[in-house]
Structure formats: structure tokens, C-alpha cells
Amino acid sequence: MGFLKELDQNDLASTGRELHAFAAELFPICRSITGDGIRRTLALIRDRIPLETVEVSTGTPVFDWTVPKEWNIRDAYIQGPDGKRVVDFQCCNLHVLNYSAPIHATMPLSELKPHLFTLPDKPEWIPYRTSYYRESWGFCLSHNRMLALQDGDYEVSIDSTLEDGRLTYGECYLPGRSTDEVLISCHACHPSLANDNLSGLAVATFLARLLSGRDLHYSYRFLFIPGTIGAITWLARNRESVGRVRHGLVLTCIGDAGGFHYKKSRRGDAEIDRAVAHVLRHQSEPSEVLEFSPYGYDERQYCSPGFNLPVGCLMRSVWGAFPEYHTSADNLDFIRPLPLAGSLHVCAAILDVLENNHRYCNQNPYCEPQLGRRNLYASTGGESIGDEISARLWVLNLSDGEHSLLDIAERSGLPFPAICDAAGLLSKNGLLSVVPDIAAPKGQ
Ligand SMILES: [Zn+2]
């Protein structure tokens, strides 16, 4: 058992502070589904892990979609009749409707108002709005600020470009002994939003750093992509090889103080679904496993019927279900160091299950082997005497070449690490042998 133990050597609080500091570094960047914001974000990730950047030209067909024009923005503001800026992109990049076409014009308030977006229910917050696939322009502001606007002429300026260019995404590939892959995917297309976007980016980056340079069974592929169009583009470019994905996780909204939520893959009974459910059951925070639905983040694309990949989605608070979602209140105060570190730990524990989920054969299947003679009937100490012996007996009994260690953990009710440690000890004592080809293929 490797990854989680490695992390446990560090202090949870300091790991959390590091994760939060990384999110804070990424926070001010105005990201979108294309453009320099995502490029700058990927450059900061590349400072920490090996990352290949892929650029795909505007107009490239990707299944039923087309790679859009590239959007970049330098400045935007609304200047009131008194000459003062009432909305300023430099103060908060959420102020601009993401993907706004350029405009520089003067107009009366009545003409400006249809281009203003607010949240009447949360009058102090600025909403996050986009207009990716319909050319438009607009501003987002607090409802209170909008109510305070006086009649008169307003100068509106959006210094943006929307032109042929490229869509950019990042891919970090960590080769393991097997070419079978674990896919970890997160979206990198939201501007200054912390839980929705940055928490996933930070945790995925640290997870890749944890795995990098280690002896791995699986190969790992981390995708840092614009939501929807990025996943569609990646799938279109890798259509022939996605069958190598044995397990996958979309990471999003995993930095807030809420309990864990795991949305199962479309298959519902994939090994990743069982591994995550098992890990969540045996950790201390509240958690809930949700059935698959064809709405959400990029698991929608990975689980589209043509692919049906075993990819689920790990969250804390469920996207769309917390009031701060897609507003200026999803900020660096909304994500906290300890929940970020806790999410990294849960991810590490999930990967520990996948990496170690071997099947074994009991080398002494006719009645129990005499454990006492081998010093295996006494515990190595601690409070869990019963559990340690119990884990050994469960592993011996169910190691018939058919049951994986996760099967045994589920059936015994014991946590996977205890089952895995027992299997290691019994193997060392010649009582078990591992069955080759641990990753029994399921489906494609
Ligand atoms: Zn979002």
C-alpha cells in the first residue's frame, strides 16, 4: 500500500496549505475554454508535473461539435454618466460574460440592461455566465450595484478578441508496468472560481506529483481540459486508444467543507465505482454515493454510449447544489486547506485500491494452514488484534483465484488496507500466490 502512506508522512494541514496556495496562484487568471488564460494555467501546472500541452485548431470537427474560435480578453469596463467605472474587469474577471465579443459603444441604460446579468436572490454576489456557442456580449454584476445605476449614457468597452486560433489542453502521462490506464480528468476553463475548477486542478496536480517517478502498475493519464468541448476533443483525438482506460475519475468541487459525493459511472458496477464507495465508507467524513445521470461534468462525455468508459465523478458538495456555485462567492475562502488535503487523501486511497486489487490463490486450501506455527496467529500489536487476524482468515478463505482483494474487503467489512496488508504478509510466508493479470478486463 503506497500512496496514502506516503502522504500520511506529511502533515495534513501543511499539505492543505500547499494545495490552497496553488489554487490561490491560479485564482486571478481569466480562464475560458480557449485562450491565454488556460495556457497560463497549464504553464503553472507544468512547473509542478510533466505536462504536454496540446493545441487544436479552430474549426476542427470533433464528433458533432467544432473547435470554436479562440477568445482572449485584456480589459473591460462600464463607465457611468459621471465618468466613474461602475463595473471593472480588472477588479473581478467574472464581471465579463465569458466569451463576450468585443464592443466599444455608448448607450442609454435601457439599452445596456439586457446585457447585464445579476442574482436578485444573492444581491451582493456576481454571477458567472458564459456565451460560448452564441456570439454575444454582456456584463455580470451584483444585483445591488445594478439597482444603483442611474439613468444616463454609459460607455461600455470589452477589449476582447474572438478569432481563429486554438483550443488548448494539458495531458500528463505517467507510464506504469501495464499499458492499461487510469484516467483523471478535471476542467480548467472557469475564471476566478475556486471550488468549481481550481480545487480539482490543485488536487489532480498534487496527485500526479505524488505518483510521478514511482513504480506503478497502471499507467496514469491526467487531463486538464476545458469542460465539455475539451473532453469531446480529447475523445475525438484518442478514439482508437480509449479502450485502455480501465478506471477513471472526474474531479470537481472537492475543496469545500462539505462531505464527499461520488457519482457512479454509467456502468454503475465498474471497479472504480466499487473502489470509491469502499474508500468513502471507511473514511471519517460524511459521504454519499449517487447513481449516474447524464448531466454534470465531463463524465457525461466519457460515459456517452459510444464510449461507456468506467469513469465516475468525485465531488464534495455537488455542483449546482451549493448557493456559491457559479458566483463570486465560490472564492478562496470557500475552499479550505483541510478539505483539499482530505480530498487528496481520498484520491490516494482510491488509487491504492486500484493498484493493489490483486487476486490470489491460497497455497494451502485444504483446511486452515496452522498460522500459530508461523507466528501469524498473534497480532503485530495495537488495538486491532481481532481485525488483523480476521483479515488474514478472510484473505486465506476467499483467495481462490476468483475473488479480488476488494471483493474480500467488501465481504468482510474490513478496510482495504487491512486486507491488502494481510495478503502481503501471507504471501511473504508462502501461503498465497498472486494471480497474474490483475486487471480483469470488463467490457472494452
Ligand atoms: Zn462550472
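Counting starts at 1 for both ligands and their atoms, following the listed order.
Using the six-membered ring where Trp is involved, Phe139 and Trp137 have ring planes that are perpendicular, over 60° apart on the 30 and 60° scheme.
Of the options Asp196, Asn197, Asn98, a side chain to side chain donor-acceptor pair (under 3.5 Å) to His190 is made by Asp196 and by none of the others.
Put simply, NE2 on His20 and OG1 on Thr15 are 14.5 Å apart, with the number rounded to the nearest 0.5 Å.
Atoms of the protein (N, O or S only) found under 2.8 Å from the Zn ion (ligand 1) are His190 NE2, Asp196 OD2, Tyr297 OH, His326 NE2.
Formation of a donor-acceptor pair under 3.5 Å by the Asp352 side chain with backbone atoms of Ala349 is not found in this model.
A donor atom on one side chain and an acceptor atom on the other are found under 3.5 Å apart for Tyr262 and Asp273.
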Worked check of side-chain hydrogen bond (donor to acceptor under 3.5 Å, both in side chains) between Tyr325 and Asp256: CA-CA 11 Å; Tyr325 178 75; Asp256 66 286; over 6 Å; no
